[in-house]
Amino acid sequence: MDCQTALQMIEMHPHEVPGWRSIDRDAVLEHLAECPLCQSAAAEIREWDSRLQAVMTAVPVPEGVRERLLSQLSKSAPEVATGLKARTASRRMLKWGVIGLSLSLALAVGMVFWWIAPSQMLTAEVETSAEKILRARPFDQQPAFDGSFTAVITDSRWGKVCSAQPRGLDLDQRAGHDVAVYAVHIPSQRFSGWLVLVPVSRISDVPESPVPVAANYQFASWSDEKYVFVCVADRGSLEKLLKQFSGEAA
């Protein structure tokens, strides 16, 4: 079982519903046990599914909908005072009326999910979009990160050269921040720039390297079990910075 197939199955059945065939379930669980990246992605998918269910459960049925439906059905039913035929027709109409309402609600939920569900992005899209936003507006004027995911820098070397608090950027024009950004400042190297964090589940081409790899003089990317990291250079030599970190996990 490969990563793409496993994640597709988890997206269809985030919480291992009984409908899964046992052979599929075993294959997914075996893959998850050996793949840290898919473990993190699965956790994100399940968290999102749980949050969506909680939101939809909390949405009340509009007041009066049930009464208006029953009233309309009663008006449309044959005006027969007694008899099995009239009762059967009423039940049939009520059944199809409820089914129609259920389908309408399901369609509405699907449209809401399509609108608010996070989409995957390419690493290059994150690089160019983040750089464009950060150059157009100073870092300290960017909005505070909204906590749409847990953003933690575990590498002490990066922690020492990054700002204390991250800022948040909206890259896909949907609600919530897609990435967390820390300002990077290294006076000894006359280097400044930004460190961008995004969950691996949001990236379709997750970098395989656990250490920074420069695509050019301006961008470097890498990943760990939870995040894809992108370092964007503003001033100074990115190549010199990476040489300093070479041979060590970053």
Side-chain angles (χ1 to χ4, degrees), residues 40-41 44 47-48 51 112-224 226-245 250:
S40 177
E44 294 277 353
E47 180 183 359
W48 173 257
R51 290 171 59 187
V112 170
F113 180 80
W114 178 87
W115 180 253
I116 65 177
S119 58
Q120 286 195 316
M121 301 174 287
L122 294 171
T123 302
E125 292 176 335
V126 173
E127 293 173 346
T128 54
S129 297
E131 183 205 13
K132 182 178 179 180
I133 294 173
L134 291 165
R135 290 194 184 282
R137 185 179 181 184
F139 177 80
D140 58 4
Q141 294 181 18
Q142 298 291 342
F145 179 53
D146 64 3
S148 56
F149 60 90
T150 302
V152 179
I153 299 177
T154 57
D155 190 311
S156 60
R157 291 169 304 151
W158 286 101
K160 291 178 181 178
V161 299
C162 286
S163 57
Q165 298 297 328
R167 302 289 177 165
L169 303 182
D170 175 17
L171 305 184
D172 63 3
Q173 305 305 310
R174 299 189 183 209
H177 289 150
D178 303 299
V179 303
V181 183
Y182 291 84
V184 179
H185 185 54
I186 309 177
S188 62
Q189 294 191 22
R190 298 181 180 178
F191 180 90
S192 64
W194 307 280
L195 180 64
V196 180
L197 280 70
V198 56
V200 294
S201 60
R202 294 296 311 279
I203 301 297
S204 58
D205 59 339
V206 176
E208 297 181 357
S209 175
V211 297
V213 175
N216 51 47
Y217 69 93
Q218 194 170 10
F219 303 112
S221 60
W222 66 104
S223 67
D224 63 12
K226 293 185 176 181
Y227 309 111
V228 169
F229 300 88
V230 172
C231 184
V232 182
D234 183 28
R235 294 184 179 84
S237 171
L238 180 59
E239 180 181 4
K240 183 178 179 181
L241 174 64
L242 298 187
K243 285 183 178 180
Q244 178 180 339
F245 287 161

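Just the heavy atoms: all of them, side chains too, but no hydrogens, waters or symmetry mates, feed the values below. Please read all numbers here as calculations on a predicted model, not as lab measurements.
The two residues A151 and Y182 come nearest to each other via the heavy atoms O-OH, 3.3 Å. Closest of all the heavy-atom pairs between V230 and E127 is CG1-CG, 3.5 Å. For the pair Y217 and A233, the tightest heavy-atom approach, listed with the atom from each and the gap, is O-CB, 4.2 Å. Residues C231 and L238 share a closest heavy-atom pair of SG-CD1, 4.0 Å. Between G236 and F191, the closest heavy-atom pair is C-CD1, 3.9 Å. Of all heavy-atom pairs spanning V196 and A130, the tightest one is CG2-CB, 4.2 Å.
Using a 4.5 Å heavy-atom threshold, the side chains of P143 and H177 count as touching. Two residues are said to be in side-chain contact when any heavy atoms from C-beta on lie closer than 4.5 Å; V161 and L195 fail this criterion. You'll find the side chain of F145 stays beyond 4.5 Å of the side chain of V181, heavy atoms only. Counting heavy atoms from C-beta outward, V213 and P207 have side chains that stay 4.5 Å or more apart. Inter-residue side-chain proximity for V198 and M121 is flagged as met; some heavy-atom pair is nearer than 4.5 Å. The side-chain heavy atoms of V126 and V179, taken from C-beta on, include a pair separated by under 4.5 Å. D224 places none of its side-chain heavy atoms less than 4.5 Å from the side chain of P210. Counting heavy atoms from C-beta outward, R202 and D172 have side chains that approach closer than 4.5 Å.
Not counting sequence neighbours, S209 has no partner by the side-chain hydrogen bond (donor to acceptor under 3.5 Å, both in side chains) test. Residues satisfying the side-chain hydrogen bond (donor to acceptor under 3.5 Å, both in side chains) test with D170, not counting sequence neighbours, are none. Under the salt bridge (Lys or Arg N to Asp or Glu O under 4.0 Å) criterion, R135 pairs with E131, D234, sequence neighbours left out.
Separation of atoms SG (C162) and CH2 (W194) is listed at 13.0 Å; rounding is to 0.5 Å. Note that CD of E125 and CG of D205 are 8.5 Å apart. Values are rounded to the nearest 0.5 Å. Atoms OG and CZ, from S221 and F229 in turn, are 11.5 Å apart once rounded to the nearest 0.5 Å. Taking CZ of R174 as the start and OG of S148 as the end, the distance is 14.0 Å to the nearest 0.5 Å. Annotation: the span from D178 atom CG to L197 atom CG amounts to 13.5 Å, rounded to 0.5 Å. Once rounded to the nearest 0.5 Å, the distance linking OG1 of T154 with OH of Y227 reads 8.0 Å.
The local environment of CD in Q141 is crowded, with over 12 non-hydrogen atoms from other residues, nucleotides or ligands closer than 6.0 Å.
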| said: The test is side chain to side chain contact (heavy atoms under 4.5 Å, CB included); show your working for Q142 and R137 and say whether it passes. | reply: CA-CA 7 Å; Q142 298 291 342; R137 185 179 181 184; 3.3 Å; yes

